[in-house]
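The block underneath contains the structure these notes are about, expressed in structure tokens.
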Amino acid sequence: VIPPPNVTGSLHIGHALNNTLQDILTRYHRMKGKAALWLPGMDHAGIATQMVVERQLAAAGNISRRDMGRDAFVAKVWDWKAESGGAINGQLRRLGASCDWSRERFTLDEGLSTAVRKVFVQLHKEGLIYRDKRLVNWDPQFQTAISNLEVEQKEVDGHFWHFAYPLEDGSGEIVVATTRPETMLADTAVAVHPSDARYTAVIGRAVRLPIVNRPIPIIADEYPDPEKGSGAVKITPAHDFNDFAVGKRHNLPVINIFDDFARINDNAPPEYRGLDRFEARKKVVEAFEALGLLREVEKTRHTVPHGDRSGVVVEPYLTDQWYVAADVLAKPAIAAIENGDTVFVPKNWETTYFEWMRNIEPWCISRQLWWGHRIPAWYGPDGRAFVEETEAEAQGKADEHYGRSTPLRQDEDVLDTWFSSGLWPFSTLGWPEKTSDLARFYPTHTLITGFDIIFFWVARMMMQGIHFTGQVPFKRIFINALVRDATGAKMSKSKGNVMDPLELVDDYGADALRFTLAAMSGQARDIKLSRQRIEGYRNFGTKLWNATRFCQMNGCARAEDFAPASVSAPLNRWIVGETTRTAQAVTAALADCGFGESTEQLYRFIWNQFCDWYVELAKPLLTGDDAAAKAETQATAAWVLDVILRLLHPAMPFITEELWAQTQDLGAPREHGGFLMTARWPELPASLIDPAADAQVGLVIEAISEG
RNA sequence: GGGCGGCUAGCUCAGCUGGUUAGAGCACCUCGUUUACACCGAGGGGGUCGGGGGUUCGAAUCCCUCGCCGCCCACCA
């Protein structure tokens with residue numbers, strides 16, 4: 001499977017790396033005679049795409065999506081998709097990606113949407129999808145819930161404000177500290193540790209919440225750490241995940257003081273209403289100061305959650321959302337790795353995978369967006385949800401339930417983008433229909449992807465794939481390095497540190513870029529690409545080109561009846577053996593995703609053995625009077641070049657195809673299992689290696705090297 | 001607070017399960033325009049393989065420890 005790139009995306013160096021490796025593997029397997037499907041496609045990328053189009057509308061005339069209305073807006077996004085979406089596919093072609101473009105899919109197309117609805121409905125029937133009212137990570141810029149994974153913890157400078165809350169009976173005060181003063185407007189308790197001697201006397205009594213002027217209880221709970229600060233904690237169930245849990249344990253009221261934009265709502269005192277959360281923060285602090293209740297202001301550095309797309313501070317916010325019971329789906333997905341049904345390459349990524357899967361939280365899958373798969377839930381007048389694959393089915397169920405025809409209203413929300421991408425390995429093959437593609441190409445042989453989406457994507461595919469198909473979605477997961485900029489930061493458009501692979505293709509050719517990426521795809525965490533390196537491999541291509549030209553000039557042509565085993569000249573026997581050794585090493589490397597190893601073997605052999613020694617030593621034979629030796633050398637050189645081109649083809653498809661066209665007639669590309677295959681992979685037996693010839697030529701080389 | 005990765009020539013990196021004088025590309029120096037290639041050829045300089053211990057006949061490679069750099073995960077007021 002190709003990880004479907006975002007429809008909004010353009011090819012960056014990470015895609016180039018990832019797709020190059022996939023292409024190498026695909027071509028390699030096709031050459032080995034396998035029917036290798038590489039299915040391309042795109043992800044609708046909910047938030048990202050909606051953001052792009054919304055920005056465009058804003059720039060075009062300050063129109064908001066709400067002004068347009070849902071249908072018009074979604075139509076606009078489809079227009080945008082048709083026009084500018086998927087630029088990346090053309091770019092992939094320029095890179096030489098040999099995808100089967102006839103099978104291209106889009107996560108929002110009809111078939112995939114059917115699969116999404118089916119999965120949703122089935123999980124719901126199994127009780128693994130449910131609706132729940134709890135705190136979510138709320139992005140006030142997009143006014144939508146986001147999942148934990150979409151939250152980025154950033155360290156920022158902030159303050160601890162120490163506030164004094166007077167006891168209700170006037171007998172003293174309790175000091176609490178907070179980094180978010182505005183939330184005190186929604187406090188419903190102060191908590192202390194039950195064994196904290198300083199507070200045992202006040203447990204069960206009340207403080208009067210300043211500003212709001214509301215009495216709230218002092219409760220005993222294990223949550224406060226007596227070692228920290230004053231040991232007393234303000235409890236704001238509506239705006240903090242921990243406090244929410246405390247509130248639940250003590251049946252505290254939950255007072256929400258924010259609206260969808262994180263402005264203060266009418267649950268707060270009138271002078272705060274309508275204020276932005278940060279303005280409110282300032283005002284609360286000023287009020288405490290004026291009241292003489294501000295005990296201390298401490299500078300601090302702490303982590304604050306931000307939306308990964310919007311970049312704004314996200315708020316814990318109490319809403320109704322749909323959740324997947326990920327812990328249940330995770331169990332077989334963990335087992336599949338444990339028992340080796342699926343393996344990670346490199347293996348140590350298992351640790352990361354396990355760590356997350358074993359501590360997995362419910363997955364919030366609903367988004368308050370318009371671009372995406374609308375949730376297949378319809379509500380009756382009493383709020384009862386009917387979850388069915390079609391509106392008609394839901395209507396039928398509803399009518400049955402209410403005993404009469406009842407109008408329903410579909411859920412406004414759409415699903416998290418990753419919900420549909422998680423189905424990609426099988427939904428793209430026609431599932432739930434039992435298609436022949438599904439039978440032939442599922443599960444995927446090797447998934448190649450970056451570690452940045454192990455949780456977002458790989459884990460979800462494992463969970464959903466196993467649950468719905470009964471088998472793992474892929475046998476092997478190769479985690480490639482992430483391309484970063486010079487400072488080690490992830491390349492992103494917003495940071496302006498992207499490197500354009502197309503520019504590199506223009507400057508050095510796709511082959512050189514591909515070969516470089518493959519050579520650098522080792523198991524290290526990140527890749528810092530250098531132009532010099534690409535230049536070096538561009539020269540390598542030229543070297544091969546020239547060597548081929550030299551052979552052609554000397555009448556080296558492929559002889560149909562050439563038998564490498566029967567050459568007699570030691571030089572020829574030697575190069576046949578070296579070629580064989582290289583073929584075996586490259587084959588072994590590729591079988592193991594050893595892209596770097598395979599390119600290195602090829603580079604060394606072609607440049608340092610074939611060009612530097614064989615061609616030089618063969619010159620006298622090619623120009624000499626011994627006709628038999630000349631003919632044998634011509635045929636041998638042609639044979640070696642042929643093998644070289646085959647071995648090199650997956651990494652450098654363009655130059656090899658061009659040279660093939662010049663040097664020999666391979667015949668038209670053959671169809672094999674429905675896929676075009678230009679040439680077979682060379683399988684050379686070890687018997688072609690002649691130690692005696694190796695030794696003999698080795699001595700010659702040594703002698704010349706030493707002058 | 002957990003987990004993971006990196007630290008090898010000026011730069012970007014290979015060096016897998018430990019074994020001859022530690023490699024490549026680029027950069028640098030010297031020479032070379034003899035019929036594949038100056039996007040080249042021949043030769044050369046340059047590294048106490050992050051520090052310190054240990055295992056071993058032998059370690060860049062295994063173990064321990066420390067130090068930086070970076071990433072991921074995590075609800076600490």
Side-chain angles (χ1 to χ4, degrees), chain A residues 135 137 148-149 151-153 160-163 175-180 183-184 187 190-191 223-225 227-236 240-246 300 302-303 305 316 346 348-356 359-361 451-452 454-455 481-482 484 486-490 508-509 512 515-516 519-554 556 588-589 592 594 596-597 599-601 603-604 607-608 610-612 615-616 618-619 622-623 637 704-705 707:
Chain A
L135 288 187
N137 298 294
N148 298 1
L149 286 176
V151 174
E152 226 177 300
Q153 300 290 343
F160 265 131
W161 286 276
H162 297 251
F163 291 159
V175 174
V176 296
T178 181
T179 54
R180 306 176 58 212
T183 63
M184 64 78 55
D187 282 0
V190 168
Y223 167 57
D225 179 352
E227 307 289 311
K228 289 255 167 87
S230 67
V233 182
K234 63 189 271 305
I235 299 298
T236 322
D240 182 281
F241 288 98
N242 289 312
D243 293 6
F244 186 75
V246 173
T300 181
H302 60 139
T303 57
N348 55 297
W349 286 107
E350 287 182 1
T351 314
T352 305
Y353 174 87
F354 285 144
E355 192 197 340
W356 190 71
N359 299 298
I360 199 162
E361 302 268 324
F451 59 80
D452 54 329
I454 288 182
F455 304 142
L482 213 57
R484 298 175 182 281
T487 67
K490 201 166 158 175
Y508 306 107
F515 204 84
T516 308
M520 296 181 78
S521 75
Q523 307 194 341
R525 275 295 183 86
D526 33 45
I527 287 181
K528 282 178 246 162
L529 197 57
S530 72
R531 279 182 163 262
Q532 284 97 326
R533 191 73 182 269
I534 307 175
E535 212 166 298
Y537 289 125
R538 189 258 332 255
N539 296 349
F540 169 64
T542 308
K543 184 80 179 174
L544 174 67
W545 185 273
N546 286 319
T548 308
R549 214 179 49 169
F550 169 79
C551 291
Q552 282 176 276
M553 281 164 51
N554 283 282
C556 302
D592 226 19
E597 174 72 13
T599 52
E600 192 182 326
Q601 290 286 342
Y603 187 94
R604 289 200 125 97
W607 201 309
N608 302 125
F610 183 71
C611 292
D612 286 352
V615 168
E616 292 307 320
K619 279 175 182 173
L622 289 169
T623 54
I704 296 176
S705 298

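In this text the structure is predicted, and so the values were computed from the model without any measurement. So that the names make sense, note that chain A is the first sequence line, chain B the second, and so on, each numbered from 1. Side-chain atoms are counted along with the backbone in the values below, which use heavy atoms only and exclude waters and symmetry mates.
Neither OP1 nor OP2 of B:C39 sits under 4.0 Å from any side-chain N or O of A:Trp607. Between A:Asn359 and the phosphate of B:A74, there is no side-chain N or O to OP1/OP2 separation shorter than 4.0 Å. Taking 4.0 angstrom as the limit, A:Asn539 places a side-chain polar atom (N or O) nearer than this to OP1 or OP2 of B:C40.
Taking the side chain of A:Tyr603 as heavy atoms from C-beta on, and the options B:G3, B:A24, B:A77, the nearest nucleotide is B:A24. Of the candidates B:G3, B:A42, B:C72, B:C72 carries the atom nearest the A:Phe455 side chain, counting heavy atoms from C-beta on. Proximity note for A:Leu149 (side chain, C-beta onward) versus B:C71, B:A24, B:C73: the nearest is B:C73.
Within the 4.0 angstrom heavy-atom criterion, base atoms lie near A:Pro224. Looking at heavy-atom distances under 4.0 Å, A:Tyr537 makes no contact with the nucleic acid at all. Using a 4.0 Å heavy-atom distance criterion, A:Glu600 is classed as a sugar-phosphate-only contact. Residue contacts shown for A:Arg604 are limited to sugar-phosphate atoms, with no base heavy atom under 4.0 Å away. As judged by a 4.0 angstrom heavy-atom cut-off over every strand, A:Lys619 is placed among the base-contacting residues. Within 4.0 Å of A:Asp240, counting heavy atoms only, lies no atom of the nucleic acid at all. Residue contacts shown for A:Phe540 are absent, as no nucleic acid heavy atom lies under 4.0 Å away. Using a 4.0 Å heavy-atom cutoff across all strands shown, A:Cys551 reaches no nucleic acid atom at all. If you check every strand for non-hydrogen atoms under 4.0 Å, A:Arg538 touches a base.
Donor-acceptor pairing under 3.5 Å, judged by distance alone, is absent between the side chain of A:Arg533 and the base of B:C26. On a pure distance criterion of 3.5 Å, a polar donor-acceptor pair joins the side chain of A:Glu616 and the base of B:A36.
If you take atom C1' in B:C4 and the same atom in B:G45, they sit 39 Å apart, rounded to whole Å. For the C1' atoms, the distance from B:A42 to B:U33 is 14 Å, rounded to whole Å. B:G2 sits 31 Å from B:G18 when the P atoms are compared, rounded to a whole Å. Spacing of C1' atoms, B:U20 relative to B:U61, comes out at 16 Å, to the nearest Å. Comparing the same atom, C1', in B:C64 and in B:G70 gives a spacing of 24 Å after rounding to whole Å. Rounded to a whole angstrom, the distance from the P atom of B:G10 to that of B:C71 is 26 Å. Look at the P atom in both B:C49 and B:G23: the space between them is 14 Å, to the nearest Å. As rounded to the nearest Å, B:C31 and B:C7 have P atoms that lie 38 Å from one another.
For the pair A:Lys543 and A:Phe610, the cation-pi criterion (under 6.0 Å, within 45° of the ring axis) is not fulfilled.
What you find for A:Cys556 and A:Leu622 is that their closest heavy atoms are SG-CD2, 4.2 Å.
Between A:Phe515 and A:Phe540, the ring-plane angle classifies as tilted under the 30° and 60° cut-offs. The aromatic rings of A:Phe455 and A:Trp356 lie parallel to each other, their planes meeting at an angle below 30°, with 60° marking the opposite boundary.
Here A:Lys234 contributes atom NZ and A:Arg180 contributes atom CZ; the two are 8.0 Å apart, rounded to the nearest 0.5 Å.
In this entry B:C71 has B:G3 as its Watson-Crick or G-U wobble partner, both defining distances falling under 3.5 Å.
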